[in-house]
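A short worksheet on the structure shown next.
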Amino acid sequence: MNRHVVILGGGITGLSSAFHLSRRFPEALITLVEKTSRFGGWISSERVQVHDGDGRTAEIVLESGPRTLRPNAKSVLELIHLLGLKNSVITTPITSSAAKDRYLQIPELQGLITLPNSLTSIFSPPMRTLFLPHVLREPAKRRNRPDGISDETVDNFMTRRFGPTFARTFGSALVHGIYAADSRKLSVRAAFPSLWAMEDRGWGSVVRGALLPNPTVSRGDYDVGDIPDMMKGVSVYSFKDGIGMLPGALATHLRNQSNVELLCDNPISSLRVADDGQLEVKLSSGQMINPTHVISALPLPVLDGLLHPTSSLPHLTASPASSVVVLNLIFPQTQPRLHPSGFGYLVPRPLSGYSPHNPGILGTVFDSCALSAQDSNAANFTKMTVMMGVPIPLLLHTPNSSHCPEDYLKVLPEPIYTRTQRHDDCIPNPMPGHLRRMEELKTALAKGAWSGRLEVIGAGVRGVSLGDCVESGKRAGESWTC
Ligand SMILES: Cc1cc2nc3c(=O)[nH]c(=O)nc-3n(C[C@H](O)[C@H](O)[C@H](O)COP(=O)(O)OP(=O)(O)OC[C@H]3O[C@@H](n4cnc5c(N)ncnc54)[C@H](O)[C@@H]3O)c2cc1C
């Protein structure tokens, strides 16, 4: 029988798996099913036209999801090469202020604090007291990972090695910036595997481990052409029309493949192994598909809700997900500028912890600095994005909360353009034990009724970055024999 693979979910993970499976198995039929009318999932880029009071206009790219990629993700470089996106790449060099200057806005202190970007900056106040002593003392601290633990929270880990002030100031801010989550709940091994590995490598010291060579050998099977040369000296990058160009190019490529079928506006309503052993994917249109293999690139709780009780799987609802409000703002250029030059700032957890009275700003990106080449006439406008959503669902879900995003506009001059988008459950938060649970899930998929015919991938499984998602799509179906 010819192989027929149904991919559930047309976010970047599902698109990446359709791309790679259609190349690896040209004789197979690949069907990608997406609930909404567009592909890309949380990736959403839009170009808007704005005017200031003096008749100046600009066309500005706004992102409501991911906005930058890091060049270390070879799986994405490969897509850029294979999809011919090279000429659309826009880079931020590591020497630019947008790459070097990153700030913290510590709720108990006034103004923005520059994060260390050089040896000398570590010695300037307040880093001299906030950062330096904790980092210098760490290598001398005895090995203190409790015997027998195989995971812990990011906050526990950082407190153990660098002390509670460092853990709250830097650890919570980092977690806000990537996961919009509470560092006291997130698994360090799943969220920051390199930190755990550095502690192992450095005989108990993260700093020592960071200074030693990393023996991990990454896989070399990426067809990247000359893209890595182009990424030399690059801190982050995007595309001329925003990150949305990546799923856009993938969808266009897939539409032209004779062995690929793209179904959008087509929610899946159930998935099960039928009594006769066949896989059964039911769409809400009533269509029924009986594929030989299924790849789920859906959020794990969504997959859980689709599974028939007789085909259930473990741990799909073990991790919660963060909700985020994204506020895009455009201002006319002002003198002095609205913000210092740099990438933006992150806000750590307040000393008093999260409370419904806390405004809930996680960080702000100074978009005009990092990727101004996306916009026409960018010099006359300032673009920034505020991310909100303290890890207290109540705050985001209270309809009459006085902490609505628009409140923040009061501390800034009148913007000429604002857009507020609320994303519910958009970033999975792996809890301690996540890696073990994902191994157990993999084992359950390999045997019994599924017997290796269903693979579960995506942001909720092995990492939330776009690089992780594209990589998981590339690896889908690797164990299938030809
Ligand atoms: C605000 C924000 C900012 C971010 N910033 C960055 C960044 O700067 N850099 C970075 O690397 N990463 C960033 N991320 C993370 C990254 O964008 C996500 O982890 C990634 O896009 C997830 O992709 P995915 O395909 O796994 O999941 P999703 O994007 O969630 O895709 C799942 C797809 O499944 C579809 N679906 C759901 N239910 C059904 C159904 N019943 N039937 C059919 N289809 C269904 C959905 O419509 C969706 O298209 C950010 C995320 C967010 C939310």
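Atoms within a ligand are numbered from 1 in the order they appear, just like the ligands themselves. One is the number of the first residue; the rest follow in order along the sequence.
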Of the protein's non-hydrogen atoms, which lies at the shortest distance from atom 24 (P) of ligand 1, and what is that distance? Thr13 OG1, 3.3 Å
Residues Glu439 and Arg462 bridged, charged N to O under 4.0 Å: yes
Considering only the protein, which heavy-atom contact is closest to atom 21 (O) of ligand 1, and what is its distance? Leu466 CD2, 3.7 Å
Backbone or side-chain N or O of His423 under 3.5 Å from ligand 1 N or O: no
Does Leu8 have a non-hydrogen atom less than 4.0 Å from ligand 1? no
Nearest-0.5 Å distance, CD of residue Gln287 to OG of residue Ser269: 10.5 Å
When His339 is tested against each of Tyr103, Phe366, Tyr345 for ring pair (Phe, Tyr, Trp, His ring centres under 6.0 Å), which residue passes? Phe366
Donor-acceptor pair between Ser187 and Asp151 side chains, under 3.5 angstrom: yes
Output yes when Asp241 and Arg47 qualify as a salt bridge under the 4.0 Å nitrogen-oxygen rule, no when they do not. yes
Any idea which protein heavy atom is nearest atom 29 (O) of ligand 1, and the distance to it? Trp42 N, 3.0 Å
Quick check: Ala459 and ligand 1, any N/O pair under 3.5 Å apart? yes
Between the side chains of Ser238 and Gln374, does any donor sit under 3.5 Å from an acceptor? yes
Among all the protein's non-hydrogen atoms, which is closest to atom 23 (O) of ligand 1, and how far away is it? Ile12 CG2, 3.6 Å
Contacting atoms of ligand 1, where contact means under 4.0 angstrom from a heavy atom of Cys426: 53 (C)
With sequence neighbours left out, what residues match Asp155 under salt bridge (Lys or Arg N to Asp or Glu O under 4.0 Å)? Arg349
Could you identify the single nearest non-hydrogen protein atom to atom 35 (C) of ligand 1 and state the distance to 0.1 Å? Glu34 OE1, 3.2 Å
Could an N or O of ligand 1 be found under 3.5 Å from any N or O of Val464, whether backbone or side chain? yes
Chi angles and distances behind the ring pair (Phe, Tyr, Trp, His ring centres under 6.0 Å) call for His176, Tyr354: CA-CA 12 Å; His176 285 171; Tyr354 301 111; 5.8 Å; yes
Please compare Leu32, Ile268, Leu15, Val302 and report which has the shortest non-hydrogen distance to atom 42 (N) of ligand 1. Ile268
For Leu298, the ligand 1 atoms whose distance to one of its heavy atoms is below 4.0 Å: 34 (O), 36 (N), 37 (C), 38 (N), 39 (C), 44 (N), 45 (C)
Students should be able to answer this: which protein heavy-atom is nearest to atom 9 (N) of ligand 1, and at what distance? Thr68 O, 3.1 Å
Tell me which protein heavy atom sits closest to atom 31 (O) of ligand 1, plus the residue, atom name and distance to 0.1 Å. Gly11 CA, 3.4 Å
In terms of its nearest heavy atom to atom 8 (O) of ligand 1, the top option of Lys35, Arg70, Arg67 is Arg67
Check whether any N or O atom of Ser64, backbone or side chain, sits under 3.5 Å from an N or O atom of ligand 1, and answer yes or no. no
Is the side chain of Thr385 donor-acceptor paired with the backbone N or O of Asn328 at a distance under 3.5 Å, no angle test? no
Using atom types as modelled, flag every donor-acceptor pair under 3.5 Å from a side chain in residues 472-479 to any protein atom, sequence neighbours excluded.
{"from": "Ser472", "atom 1": "OG", "to": "Cys469", "atom 2": "O", "distance (Å)": "2.9"}
{"from": "Lys474", "atom 1": "NZ", "to": "Glu78", "atom 2": "OE1", "distance (Å)": "3.0"}
{"from": "Lys474", "atom 1": "NZ", "to": "Glu78", "atom 2": "OE2", "distance (Å)": "3.2"}
{"from": "Lys474", "atom 1": "NZ", "to": "Asp221", "atom 2": "O", "distance (Å)": "3.0"}
{"from": "Arg475", "atom 1": "NE", "to": "Glu471", "atom 2": "OE2", "distance (Å)": "2.7"}
{"from": "Arg475", "atom 1": "NH1", "to": "Asp221", "atom 2": "OD2", "distance (Å)": "2.8"}
{"from": "Arg475", "atom 1": "NH1", "to": "Glu478", "atom 2": "OE2", "distance (Å)": "2.8"}
{"from": "Arg475", "atom 1": "NH2", "to": "Asp221", "atom 2": "OD1", "distance (Å)": "3.0"}
{"from": "Arg475", "atom 1": "NH2", "to": "Tyr222", "atom 2": "OH", "distance (Å)": "3.3"}
{"from": "Arg475", "atom 1": "NH2", "to": "Glu471", "atom 2": "OE2", "distance (Å)": "3.1"}
{"from": "Glu478", "atom 1": "OE1", "to": "Arg219", "atom 2": "NH1", "distance (Å)": "3.2"}
{"from": "Glu478", "atom 1": "OE2", "to": "Arg219", "atom 2": "NH2", "distance (Å)": "3.2"}

Minimum non-hydrogen distance to atom 32 (C) of ligand 1, winning option of Ala297, Cys469, Gly41: Ala297
Is it the case that ligand 1 has an N or O less than 3.5 angstrom from some N or O of Gly14? no
Leu174/Phe192 under side chain to side chain contact (heavy atoms under 4.5 Å, CB included): CA gap, chis, key distance, verdict: CA-CA 10 Å; Leu174 184 66; Phe192 301 102; 3.8 Å; yes
For atom 17 (O) of ligand 1, the closest protein heavy atom turns out to be Pro66 CG, 3.2 Å
Could you measure the distance from the CD1 atom of Ile30 to the OG atom of Ser17? Nearest 0.5 Å is fine. 8.5 Å
Within the structure, does at least one protein heavy atom fall under 4.0 Å of atom 27 (O) of ligand 1? no
Under 4.0 Å, counting heavy atoms only: does Thr36 come that close to any atom of ligand 1? yes
